[in-house]
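Presented below is the structure to which this report refers.
The sequence lines fix the lettering, A, B, ..., with proteins before strands; numbering per chain opens at 1.
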2 protein chains.
Amino acid sequence: MQDSRATEITQRTIEETIVSGILSARIRPGTRLSENQLATLFGVSRTRVREAMMRLETRGIVHVSPRRGWFVVEPSAEDAMAVYEARRIIEAGLLRSMRSLTDAGRKALEAHLHEEKHALASGDRQRLTYLMGDFHIRIAELSGNGILVDILRDLTARTILISMLYQSDFHAAQSHDGHCRIFEAMQSGDFTRAAELSVEHLDEVEMGLDLTTRPDPLSELRNSLSLPPKTASSVSPQPDPKKRNFKGAINTC
Amino acid sequence: MQDSRATEITQRTIEETIVSGILSARIRPGTRLSENQLATLFGVSRTRVREAMMRLETRGIVHVSPRRGWFVVEPSAEDAMAVYEARRIIEAGLLRSMRSLTDAGRKALEAHLHEEKHALASGDRQRLTYLMGDFHIRIAELSGNGILVDILRDLTARTILISMLYQSDFHAAQSHDGHCRIFEAMQSGDFTRAAELSVEHLDEVEMGLDLTTRPDPLSELRNSLSLPPKTASSVSPQPDPKKRNFKGAINTC
DNA sequence: CGCGGCTATCTTGCATACAAGATAGAAAAG
DNA sequence: CTTTTCTATCTTGTATGCAAGATAGCCGCG
């Protein structure tokens with residue numbers, strides 16, 4: 001972060017840092033985000049941190065418990081279903097409205113799927129999680145509609161939080177296959193089929209969740225434990241085995 | 001909302017006041033929103049106003065020009081097309097995913113359409129504008145998906161801003177008919193047809209816009225005129241004839 | 001040993017002070 | 001009369017200070 005003209009870097013850096021931390025599953029649901037810690041971490045005052053938190057709150061990424069603190073959201077089972085339903089509606093509608101796949105688009109998706117394959121083979125879990133979610137954002141980008149891209153990015157972030165809470169086991173390979181099938185349908189120009197496959201894919205992933213088990217009955221208590229005062233970084237994951245009642249860390253989106 | 005303990009009222013009141021002002025077309029695109037004026041208007045400090053502005057900015061409702069001020073967004077023609085495209089995708093997808101219309105839902109829509117008809121007959125333009133947009137939010141509410149409701153509410157707000165900039169003439173009756181047709185298809189259980197009608201309806205409204213004419217080439221200049229220092233309220237409309245290069249004030253959504 | 005209450009210390013909520021950029025209007029020069 | 005320049009004033013950007021609620025740990029009491 002050391003720059004000659006230091007400012008300008010942290011205009012919306014805080015916001016994006018947290019979101020990208022979630023998109024790559026480095027930040028868990030329920031993580032405490034202390035204004036003070038983030039402020040010292042970014043070398044700014046609490047004011048800017050608060051503004052970033054406000055923005056993230058409207059995006060459904062964090063929430064505030066009055067006078068207690070900011071936390072990364074822990075979507076309930078109902079929230080989870082709503083997120084997947086919203087994604088099915090938007091992503092299927094998006095694919096259904098497509099008329100053609102540009103050459104640049106085809107190449108972008110091919111490159112992406114290649115990356116997925118590579119991450120799958122090399123076992124790079126964090127990168128795989130990121131890529132699995134990013135696929136859907138890439139598709140939104142093909143539409144050229146920035147509004148939908150923003151919406152789907154935030155929904156993807158929430159999806160990843162959901163899978164960290166509820167995903168009992170991950171079928172990354174199966175999910176990758178789903179992505180490939182969607183791409184093939186798109187390539188053949190059958191966007192109706194691509195939309196159907198997209199819905200099936202999301203259904204599949206949602207079915208892989210265990211939405212019956214309450215994710216973390218001691219959530220409130222864990223919140224107060226999740227950031228021991230001596231820990232400096234509130235953004236990095238804590239590999240404390242006591243908190244390992246979290247489910248798998250790989251998201252199949 | 002009237003509470004004996006006066007506070008608590010202004011937690012997110014500022015945000016909602018501005019949004020509802022837009023939804024009923026009382027606030028024009030490009031309106032300056034001075035932090036100081038809003039602060040004194042609501043009897044709070046600038047801090048809270050700023051937080052509300054930050055939230056509204058992420059919702060795509062206002063934007064800030066550095067060191068110059070906050071303004072209600074003036075969507076460009078490209079923005080306008082993106083908004084309508086997003087709405088087509090989401091609303092059609094939403095209808096297509098519906099399986100049944102509950103009795104409560106049917107009654108709610110019937111009541112709404114009755115209100116539209118009444119406002120149309122009585123010539124209550126402001127109320128009509130509000131209702132025309134609210135119809136689509138009501139449909140989203142039927143899905144029970146709060147995420148989609150929030151998204152569509154913000155898109156509707158932007159739609160109303162767009163129509164204030166680009167709508168050359170309004171066909172409120174035609175638009176009301178479109179709503180009725182969508183409702184009829186829903187009532188008959190043909191949600192695929194309802195989705196198609198929804199797309200047609202949005203196309204129709206978009207076609208009614210004049211997206212070729214630059215909405216307001218003197219936008220920057222007008223911004224500086226839009227709030228003469230002597231005017232106390234920055235939220236109420238200014239019926240200054242000089243700024244009447246705005247198009248029609250009724251939105252057909 | 002168990003339990004209740006107190007206090008020290010954390011957290012956010014909110015207002016305020018000051019800095020810096022942008023603007024408009026007056027004043028001055030052509 | 002026009003143009004330019006300067007200054008007074010307005011705007012947001014940011015940090016800081018203080019208040020109030022929530023929490024945890026200690027201490028004392030039963």
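Between A:Asn36 and C:dC10, a side-chain N or O to OP1/OP2 separation shorter than 4.0 Å is absent.
Under a 4.0 Å N-O distance rule, the pair B:Arg158/B:Glu74 does not qualify as a salt bridge. Salt bridge status for A:Arg138 with A:Asp134: present, with a side-chain N to carboxylate O gap under 4.0 Å.
The distance from atom CD of A:Glu51 to atom C1' of C:dA15 is 15 Å, rounded to the nearest whole Å. If you measure from atom CZ of A:Phe42 to atom P of D:dT14, you get 15 Å, rounded to the nearest angstrom. Rounded to whole Å, atom C1' of C:dC10 lies 12 Å from atom CZ of A:Phe71. One interatomic measurement links the two molecules: CD of A:Glu35 to P of C:dT9, which rounds to 21 Å at whole-angstrom precision.
Nearest nucleotide to the side chain of A:Arg32, out of C:dT12, D:dT14, C:dT11: C:dT11.
Crowding of B:Tyr84 atom OH: a count of heavy atoms from other residues, nucleotides or ligands under 6.0 Å exceeding 12.
Remark: the A:Arg87 side chain and the A:Thr159 side chain contain an N/O donor-acceptor pair separated by less than 3.5 Å.
Note: B:Glu51 CD to B:Arg12 CZ = 10.0 Å, rounded to the nearest 0.5 Å.
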(message) Each nucleotide in nucleotides 15-22 of chain D should get exactly one letter: B, S or -. Can you fill that in based on protein heavy atoms under 4.0 Å?
(response) BBB-BBSS

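Among residue pairs with one or both ends in residues 132-159 of chain A, those qualifying as ring pair (Phe, Tyr, Trp, His ring centres under 6.0 Å) are A:His112-A:Phe135, A:Phe135-A:His179, A:His136-A:His179, A:His136-A:His201; sequence neighbours excluded.
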